[in-house]
*Asks:* 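Following this message is one structure expressed as C-alpha cells.
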Amino acid sequence: MEKKSPRNKTITLSAADRERLQPRVLRPAALCSEADVENRVVGGDLYEMLDRVPDGVADLIIADPPYNLDKQFGTNSFSARSRAEYVGYLRSWLPALCKKLAPYGSLYVCCDWGSSSAVEEVLGENLTILNRITWQREKGRGAAHNWKNGMEDIWFAVKDPGNYTFNLDAVKQKRRVLAPYRDKSGPRDWQQEGDVKYRATCPSNLWDDITIPYWSMAENTPHPTQKPEKLIAKLILASSNEGDMVFDPFGGSGTTAVVAKKLGRRFCTVEIDDEYCLLALRRLEMAEEDASIQGYTDGCFWERNSTVAQISAKRKKANKR
Ligand SMILES: C[S@@+](CC[C@H](N)C(=O)[O-])C[C@H]1O[C@@H](n2cnc3c(N)ncnc32)[C@H](O)[C@@H]1O
C-alpha cells in the first residue's frame, strides 16, 4: 500500500471501520416515519428512496446531483448527455424531491455552467427561484482550447416566497476595516476586537473565499466531487434553524449531514454507493470529537487570514524581521 505523507489528512476507512459502520447504514424497504430517517445515512437509490422518505419532512434540502459530465462515482458512472436529456434527468427526480419540503422549506441545487440553465428551467417549474449563487472555486483543470472552468452555481428556491427562513445575521462576513470612519457618536458601522477593526458585511451571491477540500484539510475524503464544509455551512446557517431537518438526496461523502450535525440540525442523507455511505458515517463519528468547520470561527465567517489571532501572528512575524 502507498504510504501517506504525514500532512495528508484524507479520511480513509480501515477494515474495522467498515465492519463497525456497515450496520449503521439505513436500508428502508417501505415508507418510513420522520423519526426513522432522522440523523440517518440512507443507503440506496434515490428513485426508490423518494417513495420511502416521508413527504414534507425537510425544512431544507441541499441537492448536489451529478453534473452533466462523464464522471465515475464509486461503482456507478454518469455520462454526459444532451441538454434536453439532462432536463429529462432533472425532471425524473426534482418534482418528487420538492414534495419532501415542508411548506416553508428551501431548496438549493448545485450545478456548473453547462447544467445551470437546465437546473433553472426545471427548478422554476416546481418552486420560486430567489437567487443564484456563483462559487468561484480556486482549483479546476486547465483546458488547452477553452477557458478553465473555475466556477459552480447554486440555485436557491423556496416553496413559499412569503414564508421562508433566512438568517442574515448568521451568515454575515467579518471583514477587516482599513480606513475606520468615525462620526460624533463613535465608530461608524465597525467594531473593534483587540486592536483589529471589523465590519460585519452582508454576504453577496458571489462566493470567492471557499476552497475545494484538498489532501491537507481534515475534512478531505477520496470522494471525487466533495463540497467544502464552509460552503454547506453558509447554506445551512442561512436557511435553517437549530433542530430543523436538512435532507440531502445525493449525499456523497456526507458533507451536508456532517455540517448539519456540527450546527445542531437534524439530517437525513441518501447515497447509492456503499463506500461513500461509510465515509459519511466515519465523518459523522469524527464530528462528535471535533465539531469545528474550517473558515467558520467563533460563530462567524471571517475574511480569509483576518481573525484577531491570524493578524496578531502576522504582525509578530513582521516585527521579528
Ligand atoms: C456530486 S456528488 C455529491 C457530493 C457531496 N455533496 C459531497 O460533498 O460529498 C453526487 C453523489 O450522488 C450519488 N448518486 C448519483 N445518483 C444517485 C441516485 N440515483 N441515488 C442516490 N445517490 C446517487 C453519487 O454516488 C455521488 O456520490
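As the structure lists them, so they are numbered: ligands from 1, and atoms in each ligand from 1.
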*Asks:* Determine whether Phe250 and Trp93 satisfy the following criterion, ring pair (Phe, Tyr, Trp, His ring centres under 6.0 Å), listing intermediate values before the conclusion.
*Replies:* CA-CA 11 Å; Phe250 297 97; Trp93 54 265; 4.9 Å; yes

*Asks:* Quick check: Asp248 and ligand 1, any N/O pair under 3.5 Å apart?
*Replies:* no

*Asks:* Check the angle between the aromatic planes of His223 and Phe73 and answer parallel, tilted or perpendicular using the 30° and 60° thresholds.
*Replies:* tilted

*Asks:* Under 3.5 Å, side chain of Arg265 to main-chain N/O of Ser240, donor-acceptor pair present?
*Replies:* yes

*Asks:* Does ligand 1 come near enough to Tyr47 that some N or O of the ligand is less than 3.5 Å from an N or O of the residue?
*Replies:* no

*Asks:* For ligand 1, which is the ligand I care about here, please tell me if Gln226 has any N or O atom under 3.5 Å from one of the ligand's N or O atoms.
*Replies:* no

*Asks:* Flag yes if more than 12 heavy atoms outside Trp113 fall under 6.0 Å of its CH2 atom; otherwise flag no.
*Replies:* no

*Asks:* Among all protein heavy atoms, pick the one closest to atom 14 (N) of ligand 1 and tell me residue, atom and distance.
*Replies:* Phe250 CD2, 3.7 Å

*Asks:* Side-chain donor-acceptor pair under 3.5 Å between Arg283 and Thr255, yes or no?
*Replies:* yes

*Asks:* Between Asp273 and Thr75, does the side chain to side chain donor-acceptor pair (under 3.5 Å) criterion hold? Intermediate values first, please.
*Replies:* CA-CA 7 Å; Asp273 186 88; Thr75 51; 3.2 Å; yes

*Asks:* For the aromatic rings, using the six-membered ring if either is Trp, is the centroid distance between Tyr104 and Tyr164 under 6.0 Å?
*Replies:* no

*Asks:* Under 3.5 Å, N or O to N or O, is Tyr89 touching ligand 1 that way?
*Replies:* no

*Asks:* Check ligand 1 against Gly44 and write out every atom of the ligand that is under 4.0 Å from a heavy-atom position of the residue.
*Replies:* 20 (N), 21 (C)

*Asks:* In the protein, what heavy atom is nearest to atom 20 (N) of ligand 1, and what distance, to one decimal place, separates them?
*Replies:* Leu46 N, 2.8 Å

*Asks:* Just by distance, no angles: are the side chains of Arg282 and Thr221 close enough, under 3.5 Å, to form a donor-acceptor pair?
*Replies:* no

*Asks:* Check each of Lys230, Lys172, Arg175, Lys174 against Phe301 using the side chain to side chain contact (heavy atoms under 4.5 Å, CB included) test, and report the only one that passes.
*Replies:* Lys230

*Asks:* Relative to the heavy atoms of Asp45, which atoms of ligand 1 are at a distance of less than 4.0 Å?
*Replies:* 18 (C), 19 (N), 20 (N)

*Asks:* Heavy-atom distances under 4.0 Å are what count here, so tell me which part of Pro65 touches ligand 1: side chain, backbone, both or neither.
*Replies:* backbone

*Asks:* Would you say Ile272 and ligand 1 have an N/O pair spaced under 3.5 Å apart?
*Replies:* yes

*Asks:* Out of Val158, Leu127, Leu130, Asp59, which one pairs with Ser106 under the side chain to side chain contact (heavy atoms under 4.5 Å, CB included) rule?
*Replies:* Val158

*Asks:* Please classify the Lys227 to ligand 1 contact at 4.0 Å (heavy-atom distances, strictly less than): side chain, backbone, both or neither.
*Replies:* both

*Asks:* Is there a nitrogen or oxygen of Ser253 sitting under 3.5 Å from a nitrogen or oxygen of ligand 1?
*Replies:* yes

*Asks:* Would Glu271 count as a polar contact of ligand 1, with the cut-off being nitrogen or oxygen pairs under 3.5 Å?
*Replies:* yes

*Asks:* Counting each atom of ligand 1 from 1 as listed, which ones have a heavy atom of Asp64 under 4.0 Å away?
*Replies:* 1 (C), 2 (S), 3 (C), 4 (C), 5 (C), 6 (N), 10 (C)

*Asks:* Closest non-hydrogen protein atom to atom 2 (S) of ligand 1, residue and atom name please, with distance?
*Replies:* Thr225 OG1, 3.3 Å

*Asks:* Would you mind running through ligand 1 and noting each atom that sits below 4.0 Å from a heavy atom of Gly251?
*Replies:* 5 (C), 7 (C), 9 (O)

*Asks:* For Thr255, take its heavy atoms, then give the atoms of ligand 1 lying under 4.0 Å from any of them.
*Replies:* 7 (C), 8 (O), 9 (O)

*Asks:* Less than 3.5 Å between some nitrogen or oxygen of Pro66 and one of ligand 1, yes or no?
*Replies:* no

*Asks:* Assign the ring pair Trp302 / Tyr198 to parallel, tilted or perpendicular, where the plane angle (0 to 90°) is split at 30° and 60°.
*Replies:* perpendicular

*Asks:* For Tyr276, which part has a heavy atom under 4.0 Å from ligand 1: side chain, backbone, both, or neither?
*Replies:* side chain

*Asks:* Looking at Glu121 and Arg91, is any side-chain nitrogen of the basic one under 4.0 Å from a carboxylate oxygen of the acidic one?
*Replies:* yes

